[in-house]
Amino acid sequence: MKTTDTILIIDLEATCWKGEIPEGEKHEIIEIGICELNKHTGEITKNKGILVKPTQSKVSSFCTELTTITQELLDTEGVSFEEAIAILKEDYQSDQFMWASYGQYDLNMLKRQCKARKVVYPLSNQHINVKEFFAETKGLSHKVGMNEALEILDIPLEGTHHRGVDDVKNIAKILHWCFLNDN
Ligand code: AMP
Ligand code: MG
């Protein structure tokens, strides 16, 4: 683990459905949003959304409504899950830094898919749950969603909610506020 001011923020999007999962399909990662945050200055030094082709599910219209991601987009621009993980390691040295996500979902989902696909988990074991960190730092009685956290802080939502590439930038702002106000 490097001792630096850098924290990586990860936000995943996955295939999803309105009701039950269609037979034979499963939730799979379709976007890995990542950014590199300087915890002291709040500067985002790098940012990317890696689109991933699902192999055991298709993007439903419900999923497109939620995320704006279409099956066509993934067919043309998506890379394999294995390639996406290689990008995290090569471009972000993802196993070298502390990382953060909004809640526990992203950690669980990534661990599950790495195990299922026999890919080495690409992140460090040093994880910050920003949803918990924010509730604690702000002294809230319960945890709130990312949108609500931004509203509480009077920070406008940047980009498209439920797009990993943009969600990470908004999470970075919440996390930076937590670092400034943590004592
Ligand atoms: P998020 O990081 O909040 O954009 O959500 C990550 C993933 O969780 C999405 O890509 C969906 O697969 C799933 N998800 C989030 N919100 C919902 C929702 N309201 N209904 C169904 N699935 C959701
Ligand atoms: Mg998201």
Side-chain angles (χ1 to χ4, degrees), residues 6-16 27-39 42-54 57 59 62-114 117 119 121-124 126-134 144-150 153 155-179:
T6 299
I7 301 214
L8 300 177
I9 295 154
I10 303 264
D11 185 85
L12 304 177
E13 303 306 328
T15 48
C16 56
H27 292 286
E28 284 179 283
I29 296 167
I30 53 174
E31 184 186 14
I32 304 177
I34 182 165
C35 77
E36 199 180 81
L37 168 74
N38 180 307
K39 64 183 274 194
E43 193 192 349
I44 290 168
T45 41
K46 267 167 123 173
N47 175 217
K48 188 179 235 165
I50 308 166
L51 294 170
V52 185
K53 278 193 179 99
S57 58
V59 175
F62 172 80
C63 187
T64 299
E65 257 173 59
L66 181 77
T67 62
T68 73
I69 296 169
T70 60
Q71 183 64 47
E72 293 69 39
L73 179 67
L74 299 181
D75 288 341
T76 53
E77 293 182 25
V79 299
S80 70
F81 179 64
E82 291 74 11
E83 281 174 80
I85 296 300
I87 293 170
L88 293 183
K89 281 212 190 137
E90 282 159 27
D91 294 0
Y92 286 85
Q93 285 83 50
S94 58
D95 53 355
Q96 305 278 313
F97 297 98
M98 184 177 275
W99 72 284
S101 63
Y102 206 85
Q104 199 68 19
Y105 168 82
D106 306 83
L107 189 157
N108 295 342
M109 182 71 191
L110 190 61
K111 278 208 164 151
R112 191 170 352 128
Q113 190 156 331
C114 283
R117 300 280 284 264
V119 173
Y121 179 70
L123 305 178
S124 80
Q126 305 261 332
H127 174 250
I128 300 172
N129 180 332
V130 183
K131 194 175 191 174
E132 278 178 3
F133 191 18
F134 177 69
V144 297
M146 185 194 84
N147 259 345
E148 201 177 332
L150 290 170
L153 298 178
I155 297 173
L157 182 105
E158 184 179 343
T160 307
H161 189 202
H162 300 304
R163 281 303 305 260
V165 66
D166 291 333
D167 283 350
V168 287
K169 290 186 275 183
N170 290 305
I171 297 165
K173 291 176 198 175
I174 299 167
L175 179 58
H176 182 237
W177 179 90
C178 290
F179 282 128

Check: Leu150 main-chain N/O paired with Asn170 side-chain donor or acceptor under 3.5 Å | no
Minimum-distance pair of heavy atoms, taken over all atoms of Ala100 and Val130 | CB-CG2, 3.8 Å
Please report the closest heavy-atom contact between Asp75 and Lys53, naming both atoms and the distance.
-> O-CE, 3.4 Å
Should the pair Trp99 and His127 be assigned to parallel (<30°), tilted (30 to 60°) or perpendicular (>60°) ring geometry?
-> tilted
Looking only at non-hydrogen atoms, find the nearest pair between Leu110 and Leu123 and report the distance.
-> CD2-CD1, 3.4 Å
Ignoring hydrogens and geometry, is there a side-chain-to-backbone donor-acceptor pair from Thr70 to Leu73 under 3.5 Å?
-> yes
Using the six-membered ring of Phe179, assess whether NZ or CZ of Lys39 lies under 6.0 Å from its centre and within 45 degrees of the ring axis.
-> yes
Polar side chain donor-acceptor pair, Ser57 to Glu28, under 3.5 angstrom = yes
Is there a donor-acceptor contact under 3.5 Å from the side chain of Asn47 to the main chain of Ile34?
-> yes
Is it true that a side-chain atom of Asp167 and a backbone atom of His162 form a donor plus acceptor pair closer than 3.5 Å?
-> yes
When you measure from the side chain of His27 to the backbone N and O of Ala14, does any donor-acceptor pair fall under 3.5 Å?
-> no
Of the non-hydrogen atoms in Thr160 and Asp166, which two are nearest, and what is the gap between them?
-> N-OD2, 2.8 Å
Please report the shortest heavy-atom distance between Gly164 and Glu31, naming the atom on each side.
-> N-OE1, 2.7 Å
Judged by atom type as modelled, is there a donor-acceptor pair below 3.5 Å linking the side chain of Ser94 to the main-chain atoms of Pro122?
-> yes
Looking only at side chains, do Thr45 and Glu36 share a donor and an acceptor under 3.5 Å apart?
-> yes
